[in-house]
Number of protein chains: 2
Amino acid sequence: MKNNFNDKQIQILEVAECLFAEKGFDGTSIRNIAKMAKINIAMVSYYFGSKERLLESLIIYRTSDLKNQLDNLLQEDLEPIEKINKLIELYINRINSNRGIYRILHFEFTSKKREQSLQDFSELKKGNLKSLETIIEDGQRKGIFRKDIIIPLITPTILGTFFHFHMNKTFFENLLNLKTEELYNNYIKTNLTKHIQQTIKALLIYES
Amino acid sequence: MKNNFNDKQIQILEVAECLFAEKGFDGTSIRNIAKMAKINIAMVSYYFGSKERLLESLIIYRTSDLKNQLDNLLQEDLEPIEKINKLIELYINRINSNRGIYRILHFEFTSKKREQSLQDFSELKKGNLKSLETIIEDGQRKGIFRKDIIIPLITPTILGTFFHFHMNKTFFENLLNLKTEELYNNYIKTNLTKHIQQTIKALLIYES
DNA sequence: TCAAAAATTAAACAGTTGTTTAATTTAAAC
DNA sequence: GTTTAAATTAAACAACTGTTTAATTTTTGA
């Protein structure tokens with residue numbers, strides 16, 4: 001799982017990311033990629049071995065530094081609820097500016113084989129969950145967070161809310177009058193992020 | 001947007017649903033469908049016109065009665081929070097027992113063309129949102145629900161949480177030790193549904 | 001400068017794709 | 001029973017699929 005790609009490989013990876021995100025893995029042909037990246041179709045096999053391995057490389061290329069960012073956050077000196085808010089902001093920001101790859105991850109890694117990449121991806125998710133657990137258990141010890149919470153289900157709420165919003169992009173663009181890409185992005189950065197923070201905070205603190 | 005399909009068409013639709021859900025629209029060939037449905041490959045074009053129109057027919061076939069169920073719920077005599085809980089249960093139950101089509105909807109209707117079906121789907125979502133608004137505004141008038149809530153973002157939280165959980169099925173099966181399909185379904189019906197209800201309730205009621 | 005390695009190319013490979021055709025079988029109508 | 005319509009079939013269509021090959025160009029290292 002190394003990620004030292006050369007310039008040419010990176011050029012191909014970024015074109016592939018764009019196309020996979022837009023048309024899906026099966027919906028994108030090597031000829032599509034080659035044309036857009038202005039390379040010969042044989043270069044994909046030459047550099048990555050196969051279309052499947054190209055996808056694996058793309059996952060590695062895009063996800064290999066998320067863990068570090070989370071670790072840094074964990075060590076900041078903040079109240080638990082502030083850490084949660086920052087974690088949500090980090091997630092949304094990061095995913096929103098890497099929409100392509102995260103859409104691909106969720107589209108291509110559900111019921112398919114893709115053994116190796118799936119393994120890597122699973123490790124990444126486990127690490128993320130561990131970070132979240134650390135923060136929440138700290139808040140529970142301090143008596144701030146309630147204790148009848150299923151922690152592994154928090155991530156689905158955070159990420160799921162974002163993804164569902166984003167996967168229905170055109171629907172919400174119409175509904176909320178987000179006419180430009182900038183307005184849409186701004187809505188995510190402010191309103192949507194705030195909604196998720198508000199939701200998770202209420203869930204963690206509210207006593208029924 | 002009629003949905004009177006004959007037996008043969010329904011047979012094809014259900015096979016297509018199964019395969020589309022499993023391998024995606026682009027990942028499924030008409031020959032796959034024909035083989036599994038034990039029909040000649042020309043029959044798809046004969047009955048539906050094209051592969052694209054087959055997908056449209058499938059959407060119509062599977063979504064045309066959701067609206068009725070929601071309308072019935074709206075007219076029940078229940079407290080707002082109870083209605084929300086029932087709405088969540090209805091959503092999760094329905095989607096969970098029609099996983100195929102909903103997975104397809106979310107996989108195939110994001111950035112692609114598919115003009116007509118997208119229009120139909122958009123109308124369905126608008127109707128659903130209207131129902132949710134009715135319930136929440138009622139709760140707000142009665143002073144039970146807080147008023148600084150962005151209602152259109154509630155659906156992403158409800159459905160997104162479910163989808164994110166389900167799209168990471170194998171990950172959560174391992175993490176939560178859900179070894180059989182029955183255990184997995186049971187977890188959704190009880191714990192996941194409760195988590196979503198708890199989350200939305202906290203969001204609607206918690207005063208910061 | 002020149003040989004070895006790396007990069008790039010066009011062409012071909014064998015399969016698969018969605019769709020159409022024209023012929024044949026089955027069912028319905030009278 | 002005969003005619004008309006509907007259903008089903010195998011075959012062919014041209015276009016596209018991922019991958020490999022062998023030849024050629026470019027870059028590298030001494």
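By convention in this document, chain letters (A, B, ...) are assigned in the order of the sequence lines, proteins followed by strands, and residues within each chain are numbered from 1.
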Query raised in the report: Do B/K51 side-chain atoms and B/T28 backbone N/O form a donor-acceptor pair below 3.5 Å?
Result: yes
Query - Any donor-acceptor N/O pair, A/Q197 side chain to A/N85 backbone, under 3.5 Å - result: yes
Query raised in the report: Expressed in angstrom and rounded to an integer, what is the separation of B/Q11 atom CD from D/dT8 atom P?
Result: 9 Å
Query raised in the report: Looking only at atom types and distance, does a side-chain atom of B/K125 sit under 3.5 Å from a main-chain N or O of A/F171, one as donor and one as acceptor?
Result: no
Under 3.5 Å, sequence neighbours excluded: what are the donor-acceptor pairs made by side chains of residues 183-193 of chain A?
residue : atom : partner : partner atom : Å
A/N185  : OD1  : A/N96   : ND2          : 3.3
A/N185  : OD1  : A/R99   : NH2          : 2.3
A/N185  : ND2  : A/E181  : O            : 3.3
A/T190  : OG1  : A/N186  : O            : 2.8
A/T193  : OG1  : A/I188  : O            : 2.7
A/T193  : OG1  : A/K189  : O            : 3.4

Query raised in the report: With sugar-phosphate meaning primed atoms plus P, OP1 and OP2, does B/Y47 contact a base, only sugar-phosphate, or nothing at under 4.0 Å between heavy atoms?
Result: sugar-phosphate
Query - Interatomic distance where CG belongs to A/N6 and P belongs to D/dT28 [whole Å] - result: 12 Å
Query raised in the report: What bend angle does the helix from C/dT1-D/dA30 to C/dC30-D/dG1 show across its length, from five-pair end axes and to the nearest 10 degrees?
Result: 20°
**Report entry** Under 4.0 Å protein heavy-atom contacts per nucleotide of nucleotides 16-22 of chain D, with B for base, S for backbone only and - for none
**Finding:** -BBBB--
Query - N or O in side chain of A/K8 less than 4.0 angstrom from C/dT8 OP1/OP2 - result: yes
Tell me which donor-acceptor pairs under 3.5 Å the side chains of residues 29-38 of chain A have, and how far apart each pair is, sequence neighbours excluded?
residue : atom : partner : partner atom : Å
A/S29   : OG   : A/R31   : N            : 3.4
A/S29   : OG   : A/N32   : N            : 3.0
A/S29   : OG   : A/N32   : OD1          : 3.1
A/S29   : OG   : A/N32   : ND2          : 3.4
A/N32   : OD1  : A/K23   : NZ           : 3.4
A/N32   : OD1  : A/S29   : N            : 2.9

Query raised in the report: What residues form a ring-ring contact (aromatic ring centres under 6.0 Å, His included) with A/H164, not counting sequence neighbours?
Result: B/H106
Query - B/E17 side chain vs B/G100 backbone, donor-acceptor pair below 3.5 Å - result: no
Hey, can you pull the donor-acceptor pairs under 3.5 Å for the side chains in residues 130-137 of chain A, sequence neighbours left out?
residue : atom : partner : partner atom : Å
A/S131  : OG   : A/G127  : O            : 3.3
A/T134  : OG1  : A/K130  : O            : 2.8

